[in-house]
Amino acid sequence: MKDTVKIMGIDFLNTNKKALLEEIITRTEQGKKSFIVTANPEIVMLARENKAYGKAIHKADYMIADGSGVVLASKMQKEPLEERIPGFEVMTDLIDYAAGHQLSCYFLGASKDVNDRMIDKLKELHPELRIAGHHHGFFDLEDQEIVADVIQSKADFVFVALGVPRQEFWITKYLSSFDKGMFIGIGGSFDIIAGEVKRAPDIWIKLNLEWLYRLIKQPFRWKRILKVFEFILRIISKRY
Ligand code: UDP
């Protein structure tokens, strides 16, 4: 099995969620820094169209396939990725681990209301979790106070939910200012924890239809789905 699979110029890690989590946790406990990108077809397409974004995500230590479309593309290329690794699950599993092992977390992103409600929910679910800090996601990327707050928090895990491409731009802009910590962009995950948005029922996830569930619930996203079709067509016709 290959360690990575190249899909439209991006090297995806060929691993499973358990092995990935073990590696990230070990690195973090050793005080090493890491940057994780949880990529779906929209991200791959954006990296193709927006050079600055492409450059940012190429800095990732771990590029993981969060998107059935990416796994499908790997199968079409006859280099199947082991499994889809949903960013949402990476985040919740790391929170569970952090709570049990005195590691601390910073939560950056979403609206103030969602961010506050998510923190209340996490305190309820994990009273022992060390919350190093949190802040909503509607600020200027140049804002130095935000990054200073995250640095002084010395968080082990920094969850960044600013949406694509802001979250990867924020992480790569400031990564060198940090001595340690794991940084991951996780899109709309805070909205799910806060109960603002529902994740698809398990059966939809098992059938690789989480994207369809999201489209039905949030039809204004239809334009994004067109990008997924364009992605698949490019894979079929090998026009990268
Ligand atoms: N968001 C944010 N700041 C912004 C734009 C978006 O914090 O300037 C948040 C938004 O409130 C939501 C998340 O980022 O919680 C993006 O969610 P979405 O489902 O759009 O994720 P994407 O598909 O863009 O990764």
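As the structure lists them, so they are numbered: ligands from 1, and atoms in each ligand from 1. Just the heavy atoms: all of them, side chains too, but no hydrogens, waters or symmetry mates, feed the values below.
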*Relative to each other, are the rings of H135 and F139 parallel, tilted or perpendicular (30° and 60° limits)?*
perpendicular
*Y53 and F169 aromatic ring geometry - parallel, tilted or perpendicular at 30°/60° bounds*: perpendicular
*asked:* Check this for me, if you would: do E142 and K173 make a salt bridge, where the nitrogen-to-carboxylate-oxygen distance has to be below 4.0 angstrom?
replied: yes
*For the pair E230 and R234, find out whether any cationic side-chain nitrogen is under 4.0 Å from an anionic carboxylate oxygen.*
yes
*asked:* Around atom NZ of K75, are there more than 12 heavy atoms from other residues, nucleotides or ligands closer than 6.0 Å?
replied: no
*asked:* More than 12 heavy atoms of other residues, nucleotides or ligands under 6.0 Å from CD of Q30: yes or no?
replied: yes
_Region of E196 that comes within reach of ligand 1 [heavy atoms, distance under 4.0 Å]_ = neither
Give me the residue, atom name and distance of the protein heavy atom closest to [atom].
| atom | value |
| --- | --- |
| atom 21 (O) of ligand 1 | G188 N, 3.5 Å |
| atom 18 (P) of ligand 1 | R221 NH2, 3.6 Å |
| atom 22 (P) of ligand 1 | R224 NH1, 3.8 Å |
| atom 25 (O) of ligand 1 | G187 CA, 3.3 Å |
| atom 16 (C) of ligand 1 | G163 CA, 3.6 Å |
| atom 15 (O) of ligand 1 | D191 OD1, 2.4 Å |
| atom 6 (C) of ligand 1 | L162 O, 3.4 Å |
| atom 8 (O) of ligand 1 | R166 NE, 2.8 Å |

_Using the ring centroid of each side chain, check whether F159 and F107 are separated by less than 6.0 Å._
yes
Where ligand 1 meets [X] - atom numbers and elements under 4.0 angstrom, heavy-atom basis:
| X | result |
| --- | --- |
| F138 | 1 (N), 2 (C), 3 (N), 4 (C), 5 (C), 6 (C), 7 (O), 8 (O), 11 (O) |
| V164 | 24 (O), 25 (O) |
| S111 | 11 (O) |

_Regarding atom 9 (C) of ligand 1: of the candidates S189, G109, A161, which has the closest heavy atom?_
A161
*Kindly confirm or rule out an N or O of R214 lying under 3.5 angstrom from an N or O of ligand 1.*
yes
_We want to know whether H134 and N115 form a side-chain donor-acceptor pair, criterion being a heavy-atom distance below 3.5 angstrom._
yes
Show me the donor-acceptor pairs within less than 3.5 Å that the side chains of residues 90-104 make with the rest of the protein, sequence neighbours left out.
{"from": "T92", "atom 1": "OG1", "to": "F88", "atom 2": "O", "distance (Å)": "3.2"}
{"from": "T92", "atom 1": "OG1", "to": "E89", "atom 2": "O", "distance (Å)": "3.3"}
{"from": "D93", "atom 1": "OD2", "to": "K17", "atom 2": "NZ", "distance (Å)": "3.1"}
{"from": "D96", "atom 1": "OD1", "to": "H126", "atom 2": "NE2", "distance (Å)": "3.2"}
{"from": "Y97", "atom 1": "OH", "to": "E29", "atom 2": "OE2", "distance (Å)": "2.8"}
{"from": "H101", "atom 1": "ND1", "to": "Y97", "atom 2": "O", "distance (Å)": "2.9"}
{"from": "S104", "atom 1": "OG", "to": "D156", "atom 2": "N", "distance (Å)": "3.4"}
{"from": "S104", "atom 1": "OG", "to": "D156", "atom 2": "OD2", "distance (Å)": "3.4"}

